[in-house]
Participant: 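Quick one: the structure is below, questions incoming.
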2 protein chains.
Amino acid sequence: MKKDKDASTEEKIIEAARKVFTRKGYAATRTRDIAQESGLNLALLNYYFRSKEKLFEIIMAEKVVQLFGTIAPIVNNMDTSLEKKAGDIADAYITMLVNNPGLPLFVLSEIRNNPQMFGDKIHAGKILTESYFVKQIQERRPDINPLHLMLNLLGMSIFPFICQPVLEGANVITGRAFESLVAERKNLIGIWFNALLEA
Amino acid sequence: MKKDKDASTEEKIIEAARKVFTRKGYAATRTRDIAQESGLNLALLNYYFRSKEKLFEIIMAEKVVQLFGTIAPIVNNMDTSLEKKAGDIADAYITMLVNNPGLPLFVLSEIRNNPQMFGDKIHAGKILTESYFVKQIQERRPDINPLHLMLNLLGMSIFPFICQPVLEGANVITGRAFESLVAERKNLIGIWFNALLEA
DNA sequence: CTACAATTTAATCATTTGATTAATACATTT
DNA sequence: AAATGTATTAATCAAATGATTAAATTGTAG
């Protein structure tokens with residue numbers, strides 16, 4: 001008797017599900033799309049993962065970690081300055097998002113479509129309210145809500161990727177040029193954040 | 001013979017469709033949801049608007065105009081300074097988005113799910129590349145791509161609303177407090193944008 | 001090799017879903 | 001009021017969709 005179900009088949013399904021779910025979202029995804037993308041029989045999805053919903057939960061959990069976990073080690077580093085952290089956060093996000101440009105729109109849309117599904121599972125809360133980075137912001141600028149500066153930093157890093165489909169669709173900037181633009185931002189956002197700290 | 005089909009019924013369907021489509025997205029929306037939301041018979045959707053898709057196109061066109069048209073008059077105003085325009089843009093967006101918080105995520109998601117549907121229909125292209133506002137940015141800072149500053153300004157204005165479901169879900173900030181926060185930003189973004197112009 | 005368990009497949013099921021239809025109700029014109 | 005066109009409804013259809021099943025295939029242990 002085989003102890004493990006075939007890891008390769010399971011992994012093929014996960015890979016296909018990751019691709020299709022993140023490209024089309026949960027509601028627009030057909031289990032048959034995933035089967036075709038994986039090259040496997042439709043019934044195997046239910047054999048290895050009970051249902052479309054269970055399969056989605058796996059992908060979603062993975063993507064939530066990818067989106068919110070990227071900066072977790074940075075924001076709680078006790079050994080770096082506020083300015084250094086800001087630059088590191090922008091760099092970490094942009095580096096990751098260049099390889100996963102659709103990630104933010106996917107995760108944020110699905111959370112919006114099913115808010116109750118993500119009660120406390122998201123450590124975004126702690127990052128935005130209890131992290132060492134936030135404390136450093138509060139020390140520097142006790143006069144304003146630190147969430148303002150967090151939103152500015154995250155927006156400068158993430159928002160371009162959220163807009164990418166529009167930028168491409170409207171021929172504002174395409175493929176290669178987009179990547180150059182966001183690469184520039186890896187360095188610029190640190191500078192800009194410093195300016196915002198003074199403003 | 002009645003010349004006009006009953007405007008009231010047509011409008012009830014549009015209103016219900018607007019509510020359901022923007023809340024759940026095209027793929028997750030059932031025509032029966034719209035019928036129920038409107039309190040009308042399901043067949044009336046097809047009687048007045050041929051299909052789910054046609055009905056969606058109407059709502060989508062409306063929402064695209066709402067999202068991209070909000071700042072169109074501002075960015076091409078020849079009589080205001082760069083600084084004034086930045087503040088006006090933030091104010092106009094935030095004022096509109098407080099009443100339509102789900103708008104950006106809805107429009108951007110649908111464009112992402114169906115990019116070819118919006119070839120040139122979107123004047124976002126002109127706003128981001130040919131507007132008088134962009135020219136003013138270029139004059140002031142010929143050393144950097146003006147798209148950087150456009151993305152920063154739009155991101156500071158719009159990104160908080162894209163994150164709202166996460167902020168609420170993670171109890172970072174809720175309902176009333178969120179509205180206060182973004183209201184503060186109406187004034188702050190102008191100041192911040194000036195700081196970015198100097199940075 | 002044989003027997004047994006795990007995997008894979010094609011066919012099928014029960015619901016859901018967008019759409020249509022035929023009958024009925026309502027309004028307007030003459 | 002009769003006739004005609006418009007609006008609304010309940011019932012129904014066909015296709016799509018998530019899931020299951022029973023049979024076939026493959027792999028493994030004894």
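Every chain is numbered from 1, with letters handed out A, B, ... down the list of sequences.
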Participant: Starting at atom CG of A:Leu40, determine the distance to atom P of D:dA19, rounded to an integer number of angstrom.
Facilitator: 17 Å
Participant: If only side-chain N and O atoms count, and only distance matters, is there a donor-acceptor pair under 3.5 Å linking A:Lys63 with A:Gln66?
Facilitator: yes
Participant: Whole-Å distance between D:dA19 P and A:Ile13 CD1?
Facilitator: 13 Å
Participant: Check the distance between C:dT7's C1' and A:Phe49's CZ and give it to me in whole angstrom.
Facilitator: 14 Å
Participant: To the nearest 0.5 Å, what is the distance between CD1 on B:Ile89 and NZ on B:Lys84?
Facilitator: 10.5 Å
Participant: Rounding to a whole Å, what distance do you find between A:Asp33:CG and D:dA16:C1'?
Facilitator: 11 Å
Participant: Look for any protein N or O under 3.5 Å of an N or O in nucleotides 13-19 of chain C and output each such pair with its distance, or none.
Facilitator:
{"from": "C:dT17", "atom 1": "OP1", "to": "B:Arg30", "atom 2": "NH1", "distance (Å)": "2.6"}
{"from": "C:dG18", "atom 1": "OP1", "to": "B:Thr29", "atom 2": "O", "distance (Å)": "3.3"}
{"from": "C:dG18", "atom 1": "OP1", "to": "B:Lys52", "atom 2": "NZ", "distance (Å)": "3.2"}
{"from": "C:dG18", "atom 1": "OP2", "to": "B:Thr31", "atom 2": "N", "distance (Å)": "2.8"}
{"from": "C:dG18", "atom 1": "OP2", "to": "B:Thr31", "atom 2": "OG1", "distance (Å)": "2.9"}
{"from": "C:dG18", "atom 1": "N7", "to": "B:Arg32", "atom 2": "NH1", "distance (Å)": "2.8"}
{"from": "C:dG18", "atom 1": "N7", "to": "B:Arg32", "atom 2": "NH2", "distance (Å)": "3.4"}
{"from": "C:dG18", "atom 1": "O6", "to": "B:Arg32", "atom 2": "NH2", "distance (Å)": "3.1"}
{"from": "C:dA19", "atom 1": "OP2", "to": "B:Lys52", "atom 2": "N", "distance (Å)": "2.7"}

Participant: A:Thr9 side chain N/O closer than 4.0 Å to the phosphate oxygens (OP1, OP2) of C:dT8?
Facilitator: yes
Participant: Look at A:Tyr48 and C:dT8 and indicate whether a side-chain polar atom (N or O) is within less than 4.0 Å of OP1 or OP2.
Facilitator: yes
Participant: Side chain of A:Glu168, backbone of A:Gly175: donor and acceptor closer than 3.5 Å?
Facilitator: yes
Participant: What I want to check is whether the side chains of A:Arg185 and B:Asn145 have a donor and an acceptor closer together than 3.5 Å.
Facilitator: no
Participant: Nearest 0.5 Å, please: how far is NZ in B:Lys126 from CG in B:Leu128?
Facilitator: 12.0 Å
Participant: For the pair made of NZ in B:Lys12 and P in D:dA7, what is the distance, rounded to whole Å?
Facilitator: 14 Å
Participant: Is the NZ or CZ atom of B:Lys52 positioned over B:Tyr26's six-membered ring, under 6.0 angstrom from the centre and within 45° of the axis?
Facilitator: yes
Participant: Heavy atoms from C-beta onward define the side chain here; which of C:dT8, D:dT20, D:dA7 lies closest to that of A:Ala43?
Facilitator: D:dT20
Participant: If I take atom CG in residue A:Leu44 and atom C1' in nucleotide D:dG18, what distance separates them, rounded to the nearest angstrom?
Facilitator: 15 Å
Participant: Any donor and acceptor pair, going by atom type alone, linking the side chain of A:Thr95 with main-chain N or O of A:Ala92 inside 3.5 Å?
Facilitator: no
Participant: Nearest whole angstrom, please: distance from the C1' of D:dT17 to the CD1 of A:Ile34.
Facilitator: 12 Å
Participant: Once you round it to whole Å, what is the distance between C1' of D:dG18 and CG of A:Asn41?
Facilitator: 14 Å
